[in-house]
Structure formats: structure tokens, C-alpha cells
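A quick note: this is a predicted structure, and the numbers were derived from the prediction, not measured.
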Amino acid sequence: MVRSGTLILNAAARLLLPLQLLFSLFLLLRGHDEPGGGFIAGLVAAGAFALYLFARGRRALSEMLKVSPRDLVGMGLLLGVAATLPAWWVGEPFFTAQWWTIPVIDFKASTPLIFDIGVYLVVVGSVLTAITALVKTDQEDDER
């Protein structure tokens, strides 16, 4: 197996991947009251996976993710549409925010959070789809 990165890049990717993913979750959950949300959190997570891709290669990234980036886009779009349904079920206008408190952990879940998670997945999936396609094209050009 040929690795595409250097020793420093491999070490940096191993250390930064969990930190960037935690920071992206922080941005995702903070986005309702402060700057942040699904889009910027998705970009941070995609940056973490891109760093891992450049350090370890396309095969290692696909083994780590266990799901196709295109499937992430589809799941994100499904969640975005699902976030509109609870308002209709209670007879309120389209995209009216609904809030629920989860009593055991005292967490306030909401349709805006569901929508942001959908945006997060769409951004991560689309950026990873583009980057892996570029890496694949580059590898095919090198083989010729």
C-alpha cells in the first residue's frame, strides 16, 4: 500500500482529525444562538476528512468512512425535508420551528437542528465527493 503523504502530514492528520471533528460538532450545535451552524460545521468536517485523504489516500478514507459521500448527500437532503414535516403535523405554516425537550439529558431538540444536521451532511458529502473525484482523476492520469 502506497501512502500519499509524508511522515509529518500523517502525524498531523492523526492528531487533527478528531480535534477538527469535535470542533465541527461544536459549531453545529452552537449555530442557533451564535455564529455557526450546519454549513460552516460541514466545511470544517470536510476539511478534516480531506486532510486524512491527503495523508493516507483514498482507500484509507473510504475504509474509515464506511459510507459513500454521495449517500451522505442523500441522507442530508432527506433530513432537510423531514425537518419541515413536524410543523405541518401540528397545523402550522411550512418551516415553522418546533421544539422538544428531552427530559433525561435536558436537551432541547428542534426542527432547525434537524435541518442544520441535514445541511451538515450535504456539505460534507458534496465536498468529499468532489475531492475524491479529483484525486481519482489525478491517480488515473498518473497511471497513463
Side-chain angles (χ1 to χ4, degrees), residues 1-90 92-102 104-142:
M1 177 172 109
V2 177
R3 290 196 177 149
S4 58
T6 64
L7 177 65
I8 295 172
L9 184 60
N10 285 328
R14 193 174 328 122
L15 292 173
L16 290 177
L17 178 72
L19 292 175
Q20 282 183 284
L21 291 177
L22 281 175
F23 183 61
S24 77
L25 288 177
F26 169 75
L27 286 174
L28 175 68
L29 296 176
R30 181 184 172 145
H32 300 300
D33 299 326
E34 302 286 336
F39 185 78
I40 190 64
L43 287 178
V44 171
F49 290 127
L51 179 64
Y52 190 83
L53 170 70
F54 296 144
R56 300 289 180 128
R58 200 179 77 211
R59 182 175 294 145
L61 179 68
S62 64
E63 288 173 4
M64 184 186 69
L65 283 179
K66 308 252 190 271
V67 65
S68 169
R70 291 180 183 179
D71 292 341
L72 292 177
V73 173
M75 184 59 106
L77 290 173
L78 185 66
L79 280 176
V81 170
T84 66
L85 300 177
W88 280 0
W89 288 333
V90 295
E92 294 186 14
F94 185 70
F95 260 122
T96 302
Q98 303 294 313
W99 299 85
W100 310 280
T101 302
I102 301 172
V104 176
I105 57 175
D106 195 35
F107 179 75
K108 292 186 179 180
S110 65
T111 53
L113 179 61
I114 294 169
F115 183 78
D116 270 348
I117 292 171
V119 170
Y120 179 88
L121 292 175
V122 167
V123 169
V124 170
S126 60
V127 170
L128 286 180
T129 299
I131 291 174
T132 54
L134 289 172
V135 168
K136 184 178 179 180
T137 303
D138 187 43
Q139 287 175 349
E140 289 172 356
D141 288 343
D142 287 344

List, one per line, each side-chain donor-acceptor pair under 3.5 Å for residues 64-90, sequence neighbours excluded.
from : atom 1 : to  : atom 2 : distance (Å)
K66  : NZ     : E63 : O      : 2.9
S68  : OG     : R70 : N      : 3.2
T84  : OG1    : V81 : O      : 2.6

Closest heavy-atom contact between [X] and [Y]?
X: A48; Y: L21; value: CB-CD2, 4.3 Å
X: F49; Y: L128; value: CB-CD2, 3.6 Å
X: L53; Y: R58; value: CD1-CA, 3.4 Å
X: A41; Y: L27; value: CB-CB, 3.9 Å
X: V135; Y: F54; value: CG2-CE2, 4.2 Å
X: I102; Y: A109; value: CD1-CB, 4.3 Å

#### Entry: Derivation of the side chain to side chain contact (heavy atoms under 4.5 Å, CB included) call for W99 and T111
CA-CA 7 Å; W99 299 85; T111 53; over 6 Å; no
### Message
Walk me through whether L28 and I40 qualify under side chain to side chain contact (heavy atoms under 4.5 Å, CB included).
### Response
CA-CA 8 Å; L28 175 68; I40 190 64; over 6 Å; no
### Query
In Å, rounded to the nearest 0.5 Å, how long is the span from CG of L19 to CZ of F26?
14.0 Å
### Query
If you draw a 6.0 Å radius around CD1 in I8, do more than 12 non-hydrogen atoms from other residues or ligands fall strictly inside?
no
### Message
Between L134 and I131, does the side chain to side chain contact (heavy atoms under 4.5 Å, CB included) criterion hold? Intermediate values first, please.
### Response
CA-CA 5 Å; L134 289 172; I131 291 174; 5.5 Å; no
### Task
Output every pair passing side-chain hydrogen bond (donor to acceptor under 3.5 Å, both in side chains) with a member in residues 15-26, not counting sequence neighbours, ordered by first then second residue.
S24-Y120
### Query
Is V123 close to L43 at the side-chain level, that is, under 4.5 Å between some pair of heavy atoms?
yes
### Message
Taking the side chain as everything from C-beta on, heavy atoms only, tell me whether T96 gets closer than 4.5 Å to P93.
### Response
yes
### Message
Please determine whether side chain to side chain contact (heavy atoms under 4.5 Å, CB included) holds for the pair L61 and R59, giving the CA-CA distance in whole Å, both sets of side-chain angles, and the decisive distance to 0.1 Å.
### Response
CA-CA 5 Å; L61 179 68; R59 182 175 294 145; over 6 Å; no
